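Shown next, in structure tokens, is the structure this report addresses.
Atoms within each ligand, like the ligands themselves, are counted from 1 in listed order. Note that the numbering runs from 1 along the sequence shown for the chain. Model, not experiment: these values are computed from the prediction.
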Amino acid sequence: MEYTTLGDTGMTVSKICLGCMSFGDPDWREWVLGEEEGKRLVERALELGVNFFDTANMYSNGESERILGEALEGHREESVVATKGYFQMDESDPNSGGLSRKALEQELQHSLDRLGMETIDLYQIHRWDYDTPIEETLAALDDAVRRGQIRHLGASSMWAHQFAEALHASDRLGLDRFATMQNHYNLVYREEEREMLPLCDRENVGVIPWSPLARGYLTRPDEAVDATTRGETEEHLYRHPYRDGGGPAVNARVEELAAEKGVKMAQIALAWQFHAEPVDAPIVGTTSVEHLEDAVEALDIDLSASDIEWLEEPYEPVPVSGHD
Ligand SMILES: NC(=O)c1ccc[n+]([C@@H]2O[C@H](COP(=O)([O-])OP(=O)(O)OC[C@H]3O[C@@H](n4cnc5c(N)ncnc54)[C@H](OP(=O)(O)O)[C@@H]3O)[C@@H](O)[C@H]2O)c1
């Protein structure tokens, strides 16, 4: 395993973060693994040297957090655990979502309880809350850091102008600032290169992209996109603009380069992430131990500057996606 320092937190994380949206409760999404298989995945990740895990309160309505917490028993100190809050957790309670002090304090406590942990290494706001001033959110998060419930703060998909405003507000008010950005970024969705990634670079914010394999689109040829249960059933896969613009041409080049190097398409897509300057650690989603092993092996793939240029060349701008 290779490790890196996450933004300016000083924390050492594996260059692969295991995305834990893939396990929890199969009733939540058809392609989600149940408890025992999820735990096996975490166990194998630990054996492979992965020490960085990303979950969220909303994944399988909390089951992902609970299972991750149990799977990490005995390995808590050597692991870096990231979770998120924002989405409404209880349909009948509007204060179970959003980023008000009340919602954050309550939902953070629920996350800690499910994880069975006293402290979360990285607590991220899953989305921007248009109804709560960012100063209110930052003050509540800063208090949670002082209480020892959170070590570092992170944010996820939003507009760069919002993230800049949040960083500025925390500096202005002397509050803890967001140390990481978890954003949508992969070979067929590169809109983040316009504003967000340069901002993160300038502010030394750690970048941990979600859906680095474009929810599976970059792991198989374009025409086979619906060949898996997730490919068949996940609406997000089709809502994101992966097949717009140059998407299919990029997909074909990933396939061609993978064949040339004798590796898998997923490994080329991940190798591109590992070579991307602003990226600290992509958050890889998988339901398969073998695919997790593929991701680790991809760290050894060397892409030349011309390979990278060739993979990137067909990309065309697409509508912004992933903020909703
Ligand atoms: N902040 C946010 O808003 C946000 C949004 C989405 C996701 N996330 C985070 O990002 C993580 C990853 O997201 P994701 O699951 O959407 O994206 P992803 O990693 O881009 O794609 C996962 C898909 O790729 C397939 N795959 C992975 N490795 C493969 C391999 N070697 N060969 C063939 N197929 C392979 C998986 O299939 P198998 O299951 O068969 O391996 C799965 O269908 C999540 O777990 C979550 O932690 C965050």
Side-chain angles (χ1 to χ4, degrees), residues 16-24 26 28-33 37-38 41-42 44-45 50 52-60 64-65 67-68 81-87 122-128 154-158 180-189 192 196 207-221 224-240 242 251 254-255 258 263-273 279 281-299 301 321-324:
I16 293 171
C17 176
L18 180 66
C20 301
M21 186 169 74
S22 325
F23 56 78
W28 184 67
R29 302 280 189 273
E30 254 177 269
W31 45 270
V32 162
L33 294 178
E37 289 168 293
L41 202 60
V42 175
R44 185 67 186 127
V50 172
F52 191 16
F53 300 89
D54 177 71
T55 182
N57 59 353
M58 53 112 38
Y59 297 163
S60 290
S64 169
E65 286 185 324
I67 293 169
L68 179 65
V81 175
T83 191
K84 323 180 194 76
Y86 164 78
F87 288 105
L122 181 66
Y123 191 78
Q124 307 155 102
I125 59 167
H126 214 149
R127 289 292 181 269
W128 186 263
S156 180
S157 291
M158 60 179 62
T180 56
M181 168 47 63
Q182 177 173 155
N183 55 348
H184 187 199
Y185 186 51
N186 56 54
L187 259 172
V188 286
Y189 184 77
E192 298 291 285
M196 185 57 91
V207 173
I208 50 176
W210 57 263
S211 297
L213 296 166
R215 299 199 170 224
Y217 177 65
L218 288 169
T219 68
R220 48 192 183 269
V225 69
D226 57 4
T228 65
T229 306
R230 186 165 175 188
E232 230 178 7
T233 58
E234 199 201 12
E235 54 156 317
H236 285 284
L237 182 56
Y238 302 97
R239 239 174 50 196
H240 293 313
Y242 301 145
N251 177 291
V254 171
E255 186 183 10
V263 299
K264 297 183 175 176
M265 286 180 68
Q267 293 178 311
I268 293 293
L270 286 177
W272 176 82
Q273 294 267 344
V279 171
I283 307 176
V284 179
T286 183
T287 54
S288 142
V289 165
E290 189 197 326
H291 291 170
L292 175 62
E293 292 167 351
D294 289 346
V296 177
E297 283 166 20
L299 284 163
I301 298 174
S321 152
H323 292 191
D324 51 345

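- Using a cut-off of 4.0 Å between Lys/Arg side-chain N and Asp/Glu carboxylate O, Glu234 and Arg29 are scored as not salt-bridged.
- Every ring pair (Phe, Tyr, Trp, His ring centres under 6.0 Å) that His184 has, sequence neighbours left out, goes to Tyr189, Trp210, His240, Tyr242.
- Under a 4.0 Å N-O distance rule, the pair Glu65/Lys84 does not qualify as a salt bridge.
- In terms of the salt bridge (Lys or Arg N to Asp or Glu O under 4.0 Å) criterion, residue partners of Glu293 (sequence neighbours excluded) are, by chain and number, Arg44.
- Counting only distance, with no hydrogens or angles, the side chain of Ser156 and the backbone of Gln182 share a donor-acceptor pair below 3.5 Å.
- Partners of Tyr185 by side-chain hydrogen bond (donor to acceptor under 3.5 Å, both in side chains), not counting sequence neighbours, listed by chain and number: Glu193.
- Residues lining ligand 1 at a heavy-atom distance below 4.0 Å are given as Gly19, Cys20, Met21, Asp54, Tyr59, Lys84, His126, Arg127, Ser156, Gln182, Trp210, Ser211, Pro212, Leu213, Ala214, Arg215, Gly216, Thr219, Arg230, Ala266, Ile283, Val284, Gly285, Thr286, Thr287, His291, Asp294, ordered by chain and residue number.
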